[in-house]
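What follows is a single structure, written as C-alpha cells, with notes after it.
The analysis underlying the following values was restricted to heavy atoms, covering all of them including side chains, and did not include hydrogens, waters or symmetry mates.
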Amino acid sequence: MAKLRKKSLWLLVISLALIGGLMWPAAQWSRQSVTTLAKRHDSRMSPVIFIPGSSATQNRFDELVAKLNANRGNRHSLLKLTVHENNQISYSGEIKPRDNEPFIVVGFENNKDGYSNIQKQAKWFSLAFTALTKKYQFNNFKAVGHSNGGLIYTAFLEDYFNRDDITVKKLMTIGSPYNFSETSITHKSQMLTDFIKKRKNIPTNLSMYSIAGTENFENDGIVPARSVETGKYIYQGQVKHYTEITVTGDQAQHSDLPQNQQIVALLEQYILSKKNTRNTQPTPKDSTPSEDQ
C-alpha cells in the first residue's frame, strides 16, 4: 500500500512537472504577446511606405525624398528594402531615433512588368511588411505607389493585408494603370476584373488618392488616363474617401511623375503630417470631390 502511495505521488509530481513545463512557454509567449501589443498600441511611428513601378529599384524615389526633405527641414529618414526572389530581404539606410514619420521604400529583385509578376511582388511586399512591423511595431502607416507600385499595393490590400492591429490610413497611387494599356472600360483586363471581384477585402477606413499624369489629356506618354481612372471601380464606394486628381504641365510624363512638383505638393497636402510649406496644388476633378462617398 505504501509503495502504491509512493508511486501515485511520483506520478503526481511528474504530471505537475509536465504541466508546468507546458505552461511556462505558454506564459512566456503570452507575456511577449502582451508586450508586443502594448508597444504597437503606444507607438507614435506612422511611416510612409513607397513601392516603385516595374523596372525601378529601391532608389526610385530618391529625388522625391530630397525635395520633400528640402521643404520640410530634413525631417524624414530613409530606409530602403529589396526583396529577393529567394524571399530574403536586404536593407540600406536607416530610421533615425525619434523619427515618427520615416520614409521606407520597398523594391524587388524581380521588378518586371506583367500581371503574374505583380502578384509575386505583392506576396514579396507582404514579407517585407511583416518584417517591418515586427521590427518597428507601428500601428498605422501611409502608402504610396508609383505605376505598378499602385497595382502591387492593391493586390497586397486585397490578398495579404488582414490585420486588426495595424491601420493603413492613406493610399496614393501615381500613374497606376489599373486596366493596363486599355483605353476603354468595356475591355477589362484580367487584373482589373480580379481587383473588382476582391474589392471588399480593401479596408473601408482608407482615404485613397489616385493621380493621373497627362501630356495630352489622353495619357502620360505610357499609361492611358482612362486606365488610371478605372481605379474608381475598385476603390470608390469601398473606402472612406476616394479622390481622383489629374496633373498636367511640366514633368507630367510617366517616369517624371514621382519628382513632379505638383505631386510633391500633393504628398505634403494629403499624405504627410504637419506640412511646413504650402505650394500650389492642382485641384481634384469636379466629378470626383475629395470627400467622396
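Looking only at distances, no side-chain donor or acceptor of Asn140 sits under 3.5 Å from a matching main-chain atom of Val168. Judged by distance alone, with hydrogens and angles left aside, the side-chain atoms of Asn179 form no donor-acceptor pair with the main-chain N or O of Arg226 at under 3.5 Å. Looking at Asn260, its side chain does come within 3.5 Å of a backbone N or O of Asp250 through a donor-acceptor pair. Checked by atom type and distance alone, the side chain of Asp220 never pairs as donor or acceptor with a backbone atom of Ala212 at under 3.5 Å. For Ser43 (side chain) and Met45 (main-chain N/O), a donor-acceptor pair under 3.5 Å exists by modelled atom type. A donor-acceptor pair under 3.5 Å is absent between the side-chain atoms of Arg75 and the main chain of Asn100, judged by distance alone. Checking side-chain atoms of His146 against main-chain N and O of His254 turns up a donor-acceptor pair under 3.5 Å. At distances below 3.5 Å, not a single donor-acceptor pair connects side-chain atoms of Glu244 with backbone N or O atoms of Ser210. Side-chain atoms of Thr230 come within 3.5 Å of backbone atoms of Ser227 as a donor-acceptor pair (strictly under, hydrogens ignored). In this structure a side-chain-to-backbone donor-acceptor pair under 3.5 Å is present from Ser184 to Thr186.
Below 30°, between 30° and 60°, or above 60°: for Phe61 and Phe50 the angle between ring planes is between 30° and 60°, a tilted geometry. Using bins of under 30°, 30° to 60° and over 60° for the plane-to-plane angle, the ring pair Tyr235/Tyr178 lands in the perpendicular bin.
No donor-acceptor contact under 3.5 angstrom links the side chains of Asn111 and Ser55, judged on distance only. For the residue pair Asp113 / Asn148, a side-chain donor-acceptor distance below 3.5 Å is found, with atom types taken as modelled. For the residue pair Ser255/Gln253, the side-chain donor-acceptor check at 3.5 Å is satisfied. Side chains of Asn110 and Asn117: a donor-acceptor N/O pair is present below 3.5 angstrom, by distance only. With 3.5 Å as the limit, one finds a donor-acceptor pair spanning the side chains of Thr82 and Gln58.
In this structure, Val48 and Ile104 have side chains that are not in contact, with every pair of non-hydrogen atoms separated by 4.5 Å or more. Counting heavy atoms from C-beta on, the side chains of Asn139 and Asp165 never come closer than 4.5 Å. Two residues are said to be in side-chain contact when any heavy atoms from C-beta on lie closer than 4.5 Å; Val105 and Leu81 fail this criterion. At a threshold of 4.5 Å between non-hydrogen side-chain atoms, the residues Thr204 and Val239 do not count as touching. Inter-residue side-chain proximity for Lys96 and Glu94 is flagged as met; some heavy-atom pair is nearer than 4.5 Å. When side chains are defined from C-beta on, Phe138 counts as touching Leu132, because their heavy atoms get closer than 4.5 Å. In this structure, Trp124 and Glu109 have side chains that are not in contact, with every pair of non-hydrogen atoms separated by 4.5 Å or more. Considering only heavy atoms from C-beta on, Ile95 stays 4.5 Å or farther from Phe103 through its side chain.
Aromatic rings from Tyr233 and Phe195 are positioned such that their centres are separated by 6.0 Å or more.
Here the straight-line distance linking atom CE of Met172 with atom CD1 of Ile271 works out to 4.5 Å at 0.5 Å rounding. Atom OH in Tyr115 sits 13.5 Å away from atom NZ in Lys120 (nearest 0.5 Å). The line from CG of Asp164 to CG of Asn162 is 7.0 Å long, rounded to the nearest 0.5 Å. Here OG1 of Thr154 is found 6.5 Å from CG of Leu171. Values are rounded to the nearest 0.5 Å. The distance from atom CD1 of Ile174 to atom CG of Leu257, rounded to the nearest 0.5 Å, is 7.0 Å. How far CE of Met208 is from CG of Leu157: 9.5 Å, rounded to the nearest 0.5 Å.
Two different hydrophobic clusters hold Ile222 and Ile211 under the rule that ILVMFWY side chains link at heavy-atom gaps under 4.5 Å. By the criterion of side-chain heavy atoms lying less than 4.5 angstrom apart, applied directly or through intervening Ile, Leu, Val, Met, Phe, Trp or Tyr residues, Ile89 is grouped together with Phe156 in one hydrophobic cluster. Criterion: ILVMFWY side-chain heavy atoms under 4.5 Å apart, direct or through other members. Under it, Leu151 and Val228 are not part of a common hydrophobic cluster. Neither Phe180 nor Val223 shares a network with the other; the hydrophobic side chains, linked directly or stepwise wherever heavy atoms of I, L, V, M, F, W or Y lie under 4.5 Å apart, form separate groups for each.
Atom NZ of Lys198 is surrounded by more than 12 heavy atoms from other residues, nucleotides or ligands within 6.0 Å. Heavy atoms from other residues, nucleotides or ligands lying under 6.0 Å from NE2 of His84 number more than 12.
In this structure, Gly150 and Thr173 approach most closely via the heavy-atom pair CA-CG2, 3.6 Å. Nearest heavy-atom pair across Gln259 and Lys67 is O-NZ, 2.6 Å. Here the closest non-hydrogen pair linking Phe125 and Phe108 is N-CE2, 3.7 Å. Closest approach of Arg60 and Pro52 over heavy atoms only: CB-CB, 3.7 Å. Nearest heavy atom pair, residue Ser176 against residue Gly145, reads OG-O, 3.9 Å. Of all the heavy atoms in Val247 and Leu266, the pair that sits closest is CG2-CD1, 4.2 Å.
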Checking side chain to side chain contact (heavy atoms under 4.5 Å, CB included) for the pair Asp159/Gln119: CA distance, chi angles, key distance, verdict?
CA-CA 9 Å; Asp159 295 332; Gln119 292 172 309; 5.9 Å; no
Determine, stepwise, if the pair Arg44 / Asp99 fulfils salt bridge (charged side-chain N to carboxylate O under 4.0 Å, His left out).
CA-CA 9 Å; Arg44 298 180 63 186; Asp99 182 357; over 6 Å; no
Derivation and outcome, side chain to side chain contact (heavy atoms under 4.5 Å, CB included), residues Tyr136 and Leu79
CA-CA 12 Å; Tyr136 296 105; Leu79 175 67; 3.7 Å; yes
Just do the side chain to side chain contact (heavy atoms under 4.5 Å, CB included) check on His76 and Arg72 with the steps written out, would you?
CA-CA 8 Å; His76 309 274; Arg72 298 166 62 84; 2.9 Å; yes
Given Lys80 and Asn59, is the side-chain hydrogen bond (donor to acceptor under 3.5 Å, both in side chains) satisfied, shown in steps?
CA-CA 8 Å; Lys80 301 177 184 178; Asn59 301 319; 2.8 Å; yes
Step by step, work out the side chain to side chain contact (heavy atoms under 4.5 Å, CB included) result for Ile166 and Phe129.
CA-CA 11 Å; Ile166 301 175; Phe129 184 81; 4.1 Å; yes
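Using a cutoff of 4.0 Å between basic side-chain nitrogens and carboxylate oxygens, Lys142 and Glu101 are scored as salt-bridged. Remark: Asp194 does not engage Lys188 in a salt bridge, criterion side-chain N to carboxylate O under 4.0 Å.
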